[in-house]
Amino acid sequence: MEYKLLNNNKGVILTRQPEFVDDTLYITFSGAPENATAILEKQNGDSLYLKLEDNTCAVRNSFLEDILKITLVVLDGRPNSLKWVCEEIKITKHNNGVFVCPNDMNLPGTVVEVLVELHEMRSYMRKLDDKYSELNKKLEKLLEGYDIV
């Protein structure tokens, strides 16, 4: 399973197909900083802290059940440490292993978040465009009457 860490402090799953795991699930975090730790939390509150090695961590099959919340953090003691809240994964038990896939039950909420962020970005772009136009007019006035070779 592979996550892509985004600049909005979220992580998204790139490999969306369900994966059958009989022993160990390997999770890779593309773009993870050095000394990052993955925190996996079950619905019952049990959690597992896994230090990344080569941007990857390994989770034993025995820990995989129901829905797992995944967070990637840099535990360096600073109050504003780097942190990414990643998409949850859903686990379904099957014979001698489990099926692991993205928990897509939160897609409506995700769509709302994206639309709100898009609205804010468009407002910000309008403000920047207005400032750019104003600066451009001032520059044209300053350069008016000068022969630039």
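We use all heavy atoms of the structure for the numbers below, so side chains are in, but hydrogens, waters and symmetry mates are not. Quick note: residue numbers are just sequence positions, from 1.
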Looking at every heavy atom in both [X] and [Y], which two are closest together, and how far apart are they?
X: E2; Y: T15; answer: N-OG1, 3.1 Å
X: D46; Y: N44; answer: N-OD1, 2.9 Å
X: P33; Y: A36; answer: O-CB, 3.4 Å
X: N9; Y: K83; answer: CB-O, 3.3 Å
X: K42; Y: S62; answer: NZ-O, 4.4 Å
X: Y3; Y: C86; answer: CE2-CB, 3.5 Å

Grouping I, L, V, M, F, W and Y whenever their side-chain heavy atoms are under 4.5 Å apart, do [X] and [Y] come out in a common cluster?
X: I27; Y: V12; result: no
X: L64; Y: L50; result: yes
X: L25; Y: F63; result: yes
X: L48; Y: I70; result: yes
X: L52; Y: V74; result: yes

Got a sec, which pairs hit ring-ring contact (aromatic ring centres under 6.0 Å, His included) with one end in residues 76-126, sequence neighbours left out? F20-F99, H94-F99
Is it the case that atom NZ in K131 sees more than 12 heavy atoms from other parts of the structure closer than 6.0 Å? no
Crowded around D129 CG? As in, over 12 foreign heavy atoms under 6.0 Å? yes
Using side-chain contact (heavy atoms from CB on, under 4.5 Å), reason through K69 and I89 one step at a time and then give a plain yes or no. CA-CA 7 Å; K69 292 181 183 179; I89 56 175; over 6 Å; no
V21 and V98: CA distance, side-chain angles, deciding distance, side-chain contact (heavy atoms from CB on, under 4.5 Å) verdict: CA-CA 5 Å; V21 177; V98 294; 4.0 Å; yes
Straight-line distance of [X] [atom1] to [Y] [atom2], nearest 0.5 Å:
X: I39; Y: Y49; atom1: CD1; atom2: OH; result: 4.0 Å
X: L40; Y: S47; atom1: CG; atom2: OG; result: 9.0 Å
X: E19; Y: Y26; atom1: CD; atom2: OH; result: 11.0 Å
X: K90; Y: T92; atom1: NZ; atom2: OG1; result: 5.0 Å

CA sep, side-chain torsions, deciding dist, call: L135, L139, side-chain contact (heavy atoms from CB on, under 4.5 Å): CA-CA 6 Å; L135 285 172; L139 181 62; over 6 Å; no
Applying side-chain contact (heavy atoms from CB on, under 4.5 Å) to N61 and T24, what does each step give before you reach the verdict? CA-CA 5 Å; N61 189 353; T24 304; over 6 Å; no
Is there a donor-acceptor pair closer than 3.5 Å between any side-chain N or O of N103 and the backbone N or O of E88? no
Picking from T56, D54, N55, what satisfies side chain to side chain donor-acceptor pair (under 3.5 Å) with T28? T56
With E87, which residues qualify under salt bridge (charged side-chain N to carboxylate O under 4.0 Å, His left out), at least two apart? R16
Do [X] and [Y] have side chains that get closer than 4.5 Å, going by heavy atoms?
X: L118; Y: E120; result: no
X: E117; Y: M121; result: yes
X: N35; Y: K51; result: yes

D76 and S81: side chain to side chain donor-acceptor pair (under 3.5 Å), yes or no, with the steps? CA-CA 7 Å; D76 58 5; S81 295; 2.5 Å; yes
